[in-house]
Chemist: 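Submitted below is the structure of interest, expressed as structure tokens.
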Amino acid sequence: MDWKVEETEGQRTARLSAAAEGRDLAPGERMERIFAQPMSFADIKEKSDRYLVNNVKRAPVAFYFGQGEYLYDTENKRYLDFLSGVAVTCLGHGDADFIEAMREQSDRVVHTSNLVYNQELALFAEALVSYSFPGRVFVCNSGTEANEAAFKVARLHGQKKGNANLIVTLEGSFHGRTVAGMCMTAQAKIHQGFGPLLDHFHYIRPNDIEMLEKEMDQHGSEMCALVLELVQGEGGVRPLDAEYVKAARQLCDENDVLLILDEIQTGMGRTGKLFAYEHFDIVPDAMTLAKGLGNGFPIGAVVIREDRADLIHPGVHGTTFGGNHLGARVAYETLKIIVTRDILDNVNALSDYFLRRLKGMQLNLKCITDVRGMGLHIGVELDRPGAAVVDRCRELGLLVNCTAETTIRIVPPLNLPLESAAEGLDILEKVFQELK
Ligand SMILES: Cc1ncc(COP(=O)(O)O)c(C=O)c1O
């Protein structure tokens, strides 16, 4: 897909005029212009605690400005962002081309409806298919919604196959918070408190080919889909074995079961390939995307392989906002930037650097029991809960998070410079050294 040909004369002219108006400000100038009068942290906290539902435990910080791999809080303290809003802002903050695309599109038209055609959506779908596999795209607003759509594709396939409603997913998986997302998620804590959920879900051990064979042997005829994360993110940054993924593809083919990949966290270059399935030499029947897809703009998508795409026909699924002009344009621009700026080379080079340095730390520090990951999706397993490490890193100006209780998750922007990787790793090393 040739992006230059894709760009219309009008778009190019708009870009040039934006640059001439000084929209492509240098990072420092941008900060000076934007950093006006943030609210005090105390006020933000007070209002949040008073008016927001109490569904998450928030760290005591609020960010006001971002540039590249850095965030600045309301007191202008600088933080190196190795969290990227949980693997979302894949291009960091304040990318000039990204901002310009958002501005230009907001100026022109933000939303019409899915009752009419839409240039940005058509171009985005074409681009996504060109860079993944021949298929068709459904665009929505979040990861869990993408999985909800994939659930429908799975069940529609099951009905065609003959009342085959069973969906199998892996222990430790996380697929979202809607009803279907929760049911796909094999973590009991996510199900708790909601009474009976949907029937016909089984959870099996990751990387256990024998168990998968047995499941297919016993239940293959009732099964419509196997749903996998190729690297379990919320489950502790745990990549699947190549043999397991190959076996899964083969068993799905033999049993007429859809292989659905949840690439919500692994997609858009996070693992060093544009999509993680490319590491495994397989093609899924459907793939769900979100997180990095819009570089912070809320958007999700399902790519459905061409030979399965007619499972979706008018009336079976829909969305009001999904794929509107602004969302589609932003996702189109994000994809374009990832594939035209050698970002994947940077991910791979930095991945080696991170893994080498972290494994070096593991040799010297007892508190680290494992270092794993793919690309810039890295987990450091500790011999204790990781919450204190996250807090101490934040004090020292580094943002990471902890998943599955004991795994420090590192998901920096994909265009992170090497010097900033070194800066963040120095902080992490200091914090690990402080652990008794
Ligand atoms: C693998 C995976 N699937 C689904 C989701 C749900 O996405 P969202 O939070 O956008 O609904 C997440 C979110 O963390 C995820 O990591």
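Counting starts at 1 for both ligands and their atoms, in listed order. Side chains included, hydrogens not; waters and symmetry mates left out as well; all remaining heavy atoms used.
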Chemist: Answer yes or no: are there more than 12 heavy-atom neighbours, outside Glu405 itself, under 6.0 Å from its atom CD?
Modeler: no
Chemist: Which protein residues have a heavy atom closer than 4.0 Å to any atom of ligand 1, listed by chain and number?
Modeler: Ser142, Gly143, Thr144, Asn147, Phe174, His175, Gly176, Glu229, Glu234, Asp262, Ile264, Gln265, Lys291
Chemist: Hydrogens and angles aside, do Asp73 and Tyr79 bring a side-chain donor and acceptor to less than 3.5 Å of each other?
Modeler: yes
Chemist: Considering residues at least two apart in sequence or located in another chain, which fulfil the salt bridge (charged side-chain N to carboxylate O under 4.0 Å, His left out) criterion with Arg392?
Modeler: Glu395, Glu434
Chemist: Suppose we screen for salt bridge (charged side-chain N to carboxylate O under 4.0 Å, His left out). Which residues come up paired with Asp342, at least two apart in sequence or across chains?
Modeler: none
Chemist: According to salt bridge (charged side-chain N to carboxylate O under 4.0 Å, His left out), who are the partners of Lys160, at least two apart in sequence or on a separate chain?
Modeler: none
Chemist: Between Ser173 and Gln232, does any side-chain donor sit less than 3.5 Å from a side-chain acceptor?
Modeler: no
